Amino acid sequence: MSKEAPHMGEAARKLVTFAEYIAFEEKAETKHEYRNGEIVAMAGGTLEHGRLTMRVGLLLGIQLEGRPCETFSSDVRVRVLATGLATYPDLSVVCGKLERDPEHENTMTNPVVLVEVLSPSTESYDRGRKFHHYKQIPSLREYVLVSSEDRLIEVFRRNEDGSWSYHDTAETGLAELTSIGCKLDLDEVYHNPLKESA
């Protein structure tokens with residue numbers, strides 16, 4: 001979801017504290033990411049991006065029903081305490097007790113699964129620098145990337161030794177999220193009842 005605005009004023013480029021970012025964000029009409037002491041604008045996604053985010057959220061929500069886990073939308077901010085990054089993942093899954101940022105009660109810090117729906121303008125960041133930040137979250141077990149251009153879901157899974165392994169749906173058509181006992185079937189994720197007939 002995190003599309004960077006092409007340009008921000010100098011006032012927003014200056015280094016600010018997390019508290020100053022929160023004060024700014026609470027008055028802003030659009031979402032912003034807090035990255036390396038800077039406030040970075042985030043723009044809305046495409047129709048396909050929004051549709052896929054809701055599909056994945058719905059499918060995970062159904063499978064997690066009755067279990068001590070909850071799925072959160074991109075309205076919920078996640079902060080990486082180790083690096084300071086504060087951002088809005090497309091979807092976050094928390095299990096057990098929800099942990100809040102010590103500086104802001106409406107910011108969570110302990111997702112087990114994070115999902116980002118890729119778009120051309122954000123893919124490089126989501127795969128690179130953003131994932132580097134996400135890896136510093138101790139509770140995070142799986143990072144899921146959903147393509148908005150191809151039928152592909154990729155899962156990065158934290159191993160017992162702290163390393164990360166890569167899994168995709170190219171052969172099976174099924175993405176397994178072992179940390180929460182859920183599966184994402186490509187046919188279900190990419191099913192579009194509104195698709196225009198040829």
Side-chain angles (χ1 to χ4, degrees), residues 1-2 16-26 31-40 42 45 52-118 122 125-146 153-167 175-184:
M1 151 135 195
S2 54
V16 299
T17 65
F18 180 67
E20 290 172 327
Y21 157 73
I22 290 296
F24 176 89
E25 190 72 342
E26 288 178 347
K31 293 178 185 173
H32 298 80
E33 191 172 79
Y34 180 66
R35 188 193 313 164
N36 300 321
E38 292 185 351
I39 298 173
V40 182
M42 302 172 72
L52 287 171
T53 300
M54 288 300 295
R55 290 287 299 175
V56 173
L58 174 65
L59 293 169
L60 291 180
I62 291 171
Q63 295 176 73
L64 292 172
E65 187 67 34
R67 296 167 52 192
C69 296
E70 190 64 82
T71 304
F72 293 86
S73 73
S74 61
D75 287 331
V76 175
R77 184 171 41 244
V78 170
R79 189 177 184 200
V80 183
L81 294 177
T83 68
L85 176 74
T87 189
Y88 299 86
D90 288 320
L91 292 167
S92 308
V93 179
V94 175
C95 295
K97 183 180 178 182
L98 175 67
E99 295 179 8
R100 300 170 186 265
D101 188 278
E103 295 183 60
H104 192 257
E105 65 174 11
N106 285 324
T107 301
M108 74 164 69
T109 61
N110 67 321
V112 174
V113 174
L114 290 174
V115 179
E116 296 286 5
V117 176
L118 301 175
T122 65
Y125 175 54
D126 288 340
R127 289 184 180 281
R129 288 184 296 158
K130 196 171 200 178
F131 186 27
H132 173 74
H133 284 279
Y134 284 164
K135 287 178 180 178
Q136 312 306 310
I137 302 174
S139 61
L140 188 66
R141 292 295 172 264
E142 288 171 306
Y143 180 44
V144 183
L145 298 179
V146 180
I153 298 176
E154 301 167 277
V155 179
F156 294 88
R157 185 174 301 136
R158 191 193 301 267
N159 302 310
E160 290 297 324
D161 63 1
S163 63
W164 290 80
S165 55
Y166 173 82
H167 310 268
E176 295 193 48
L177 308 186
T178 60
S179 63
I180 54 175
C182 293
K183 296 180 180 180
L184 293 172

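Small disclaimer: the values here were computed from a predicted structure and weren't measured.
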query = Leu177 and Leu60: side-chain contact (heavy atoms from CB on, under 4.5 Å), yes or no, with the steps?
reply = CA-CA 10 Å; Leu177 308 186; Leu60 291 180; 3.8 Å; yes
task = Take Leu145 and Phe156 through the side-chain contact (heavy atoms from CB on, under 4.5 Å) test and state the conclusion after the steps.
result = CA-CA 8 Å; Leu145 298 179; Phe156 294 88; 3.7 Å; yes
request  = Please lay out, stage by stage, how Val117 and Val56 fare under the test side-chain contact (heavy atoms from CB on, under 4.5 Å).
outcome  = CA-CA 9 Å; Val117 176; Val56 173; 5.6 Å; no
task = Evaluate the side-chain contact (heavy atoms from CB on, under 4.5 Å) criterion for residues Arg158 and Tyr143: first the C-alpha distance (whole Å), next the side-chain angles of each, then the deciding distance (0.1 Å), finally the verdict.
result = CA-CA 9 Å; Arg158 191 193 301 267; Tyr143 180 44; over 6 Å; no
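To the nearest 0.5 Å, the span separating CZ on Phe24 from OG1 on Thr17 amounts to 13.0 Å. For the atom pair CG of Asp90 and OG1 of Thr53, the computed distance is 4.0 Å after rounding to the nearest 0.5 Å. Note that the CG atom of Leu85 and the CD1 atom of Ile137 stand 8.0 Å from one another [nearest 0.5 Å]. Distance check, rounded to the nearest 0.5 Å: CG of Leu140 to NZ of Lys135 gives 10.5 Å. Between the CG atom of Leu118 and the CG atom of Leu52 there is a distance of 10.0 Å, given to the nearest 0.5 Å.
With hydrogens and angles ignored, the 3.5 Å screen pairs no side-chain donor or acceptor of Asn36 with any backbone N or O of Glu38. Using a distance-only test at 3.5 Å, with no hydrogens or angles considered, a donor-acceptor pair links the side chain of Ser139 to the main chain of Pro111. Without hydrogens or angle criteria, Arg157 side chain to Glu176 main chain gives a donor-acceptor distance under 3.5 Å. Of the possible donor and acceptor atoms, one in the side chain of Glu142 sits under 3.5 Å from a partner among the backbone N and O of Thr178. Judged purely by atom type and a 3.5 angstrom limit, Asn110 uses its side chain to pair as donor or acceptor with the backbone of Lys97.
Considering only heavy atoms from C-beta on, Arg35 stays 4.5 Å or farther from Thr87 through its side chain. Side-chain contact check for Gln63 versus Ile180: every heavy-atom pair is 4.5 Å or farther apart.
The shortest non-hydrogen separation linking Glu33 to Ala86 is CG-O, 3.1 Å. Residues Glu105 and Arg100 approach most closely at O-NH1, 2.7 Å, considering heavy atoms. Closest approach of Tyr34 and Val16 over heavy atoms only: OH-O, 2.7 Å. For the pair Cys69 and Leu64, the tightest heavy-atom approach, listed with the atom from each and the gap, is CB-CD2, 3.9 Å. Contact detail for Val113 and Ser179: the closest heavy-atom pair is CG2-OG, 3.4 Å.
Not a single disulfide (SG to SG under 2.5 Å) links Cys182 to another residue, sequence neighbours left out. Under the side-chain contact (heavy atoms from CB on, under 4.5 Å) criterion, Glu103 pairs with Phe18, Arg79, Asp101, sequence neighbours left out.
Within the structure, salt bridge (charged side-chain N to carboxylate O under 4.0 Å, His left out) contacts touching residues 55-70 (residues at least two apart or in different chains) do not occur.
Exactly one of Tyr125, Tyr166, Trp164 qualifies for a ring-ring contact (aromatic ring centres under 6.0 Å, His included) with Phe131. That residue is Trp164. Applying side-chain hydrogen bond (donor to acceptor under 3.5 Å, both in side chains) to Tyr88 and the options Lys31, His32, Arg77 leaves one that passes, Arg77.
His104 and Glu25 share no side-chain donor-acceptor pair at under 3.5 Å.
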